[in-house]
Amino acid sequence: MKTMKKSYWIGFSLLEISYWSFHASFFGFLTSYLLSKGISNTVVSMFLVTFLLASFVGSFVWGIVCDRFHTNRRVSILCFLAAGVMMYLIYFSYENIFVLAVLYSLQGFVCLPNATNIDSWLLLTCGNNLSVYGKIRCLPSLLYAVTSVILGRLISCFGYHFMLAFGTIFLLSGVAAAVMLPDGGNMMQEKATEKSRFSILSLKEVFSVKAYRYLILILLLVGMAVSPLNNLKVTVLQSVGGTVSDLGIDAFICAITQVPFIALADRMERYSLRLRYMLITLLPFLTMALAFCAVSPVMIFAGSFLCNLGVGIMLPAMRSVTENNVAPACRNLGHNIADAVYNSVAGIISLLYSGIVIDKFGAKCMLLICVLIMSVAVIITCGNMFRHWRNALYGRGNYCADRKNRIQNCRAVK
């Protein structure tokens, strides 16, 4: 197992913390900020659709750039700087809906794919050592949790301008960390031969493996159910008497719950992938059911706890499946596609209707749709698990019957 230098460990920890703390500072409260400016749930959901559509395109573009030019560092620095510019422009452009939609799209193009780029860079540097990856990757969840609670209280008391202050600090620290870290280019070149260097046929190669296709299906279904709740959670909380401060508490619960599972990513590998898939779908299903039946923010918090147990299991699993099944020259692209399907494609599909459904029929109706989607995912994964158990038992039965016949034949000969 490959280990990392202490300086790299510190650098990647700071890089991950900076990105996800910026995410908590700006994106964690952006929907609430826009709703406070009088923009409807329908319009906000359309903004989120353009944001996710752009991030989907960006995932392919940045994944190709990283694989083709063997660089993660320059891509990360560029994305951090562009995200900072977009943050300020979005904050001061809420009066112009068209400009805001364009800026939202540009922010999606540069910001969300950077999370995958950072994770791929970390996995490349640590030689796919899930123990190292998990211990570093759990740190931003802790800081995300702390940032969400502190910023939620500050915004509730003093206003949304604290989004900019916190966001700027974390973006600058992210750029500093990326500058200090070594690029992954040399390691990529060691793994990628001339025959396996990127071409447009890499897409076909990435999807040629059944295990990867199954992962994508599960991510799509879970993402379609989880995305409306995550992106419009302030509306769901308000429907049961919650406030912006409760949004910060919810974000704290979401982040802190993931920590032990991500930190123990290597140990999670000991459990059957089928079992992990079943938990990845069953826990969000219980989340949607709780949110649908909620009468207070506490029930929403309980659902967030269960959902993020699933996320804590899902993140290491999707990284491991991609690393084990996608060719080295295409792994940045493979990670970007998996993240894009979960975060972008699923969100685009669900947000096209969820904002309209909330405005016309209320949050409960939207949550009922999410429950039905998760029911399909649970049926698929549980069915796969039970089918595996049945095949194992059936095979064991055949073995026992054959052994009994062999013993009887031997006795007859004697």
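- Looking only at atom types and distance, the side chain of Thr116 has a donor-acceptor partner in the side chain of Asp339 under 3.5 Å away.
- For Asn324, the side chain to side chain donor-acceptor pair (under 3.5 Å) partners two or more places apart in sequence, or in a different chain, are Ser320.
- Applying the side chain to side chain donor-acceptor pair (under 3.5 Å) test to pairs two or more places apart or on separate chains, those with a residue in residues 52-63 are Ser55-Ser344.
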Return a table of donor-acceptor pairs under 3.5 angstrom between the side chains of residues 152-161 and protein atoms on other chains or two or more places apart.
from   : atom 1 : to     : atom 2 : distance (Å)
Arg153 : NH1    : Ser245 : OG     : 3.0
Tyr160 : OH     : Ser32  : OG     : 2.6

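- Ring geometry, Phe51 versus Tyr104: the interplanar angle exceeds 60°, so the pair is classed perpendicular (tilted spans 30 to 60°).
- Applying the ring pair (Phe, Tyr, Trp, His ring centres under 6.0 Å) criterion to Phe301, with sequence neighbours excluded, gives no partner residue.
- Not one N or O on the side chain of Asn308 forms a donor-acceptor pair closer than 3.5 Å with the backbone of Gln258.
- For the side-chain contact (heavy atoms from CB on, under 4.5 Å) test, residues two or more places apart in sequence or in another chain that qualify with Leu143 are Ile17, Ser21.
- Remark: side-chain polar atoms of Gln107 are paired, donor with acceptor, to backbone N or O of Ala83 under 3.5 angstrom.
- You'll find the side chain of Leu112 stays beyond 4.5 Å of the side chain of Phe27, heavy atoms only.
- In this structure Ala211 satisfies the side-chain contact (heavy atoms from CB on, under 4.5 Å) test together with Val209, Asn325, sequence neighbours excluded.
- Using a 30° and 60° split on the angle between ring planes, Phe22 and Phe26 fall in the parallel class, below 30°.
- Every residue meeting the side chain to side chain donor-acceptor pair (under 3.5 Å) condition with Thr381, not counting sequence neighbours, appears here in chain and number order: Thr281.
- A donor-acceptor contact closer than 3.5 angstrom is absent between the side chains of Ser76 and Tyr19.
- Applying the salt bridge (charged side-chain N to carboxylate O under 4.0 Å, His left out) test to Asp250 and every residue at least two apart in sequence or in another chain returns Lys233.
- Listed for the Tyr277 side chain is no donor-acceptor partner under 3.5 Å among the backbone atoms of Tyr214.
- Judged as a ring pair (Phe, Tyr, Trp, His ring centres under 6.0 Å), and not counting sequence neighbours, Phe29 has no contacts.
- Not a single side chain to side chain donor-acceptor pair (under 3.5 Å) links Ser25 to another residue, sequence neighbours left out.
- Here Leu221 pairs with Leu217, Val376, Ala377, Ile380 under the side-chain contact (heavy atoms from CB on, under 4.5 Å) rule; sequence neighbours left out.
- Ser296 meets the side-chain contact (heavy atoms from CB on, under 4.5 Å) test with Val298, Met299; sequence neighbours excluded.
- In terms of modelled atom types and a separation under 3.5 Å, the side chain of Arg276 and the main chain of Ile313 share no donor-acceptor contact.
- Between the Thr287 side chain and the Cys307 main chain, a donor and an acceptor come within less than 3.5 Å of each other.
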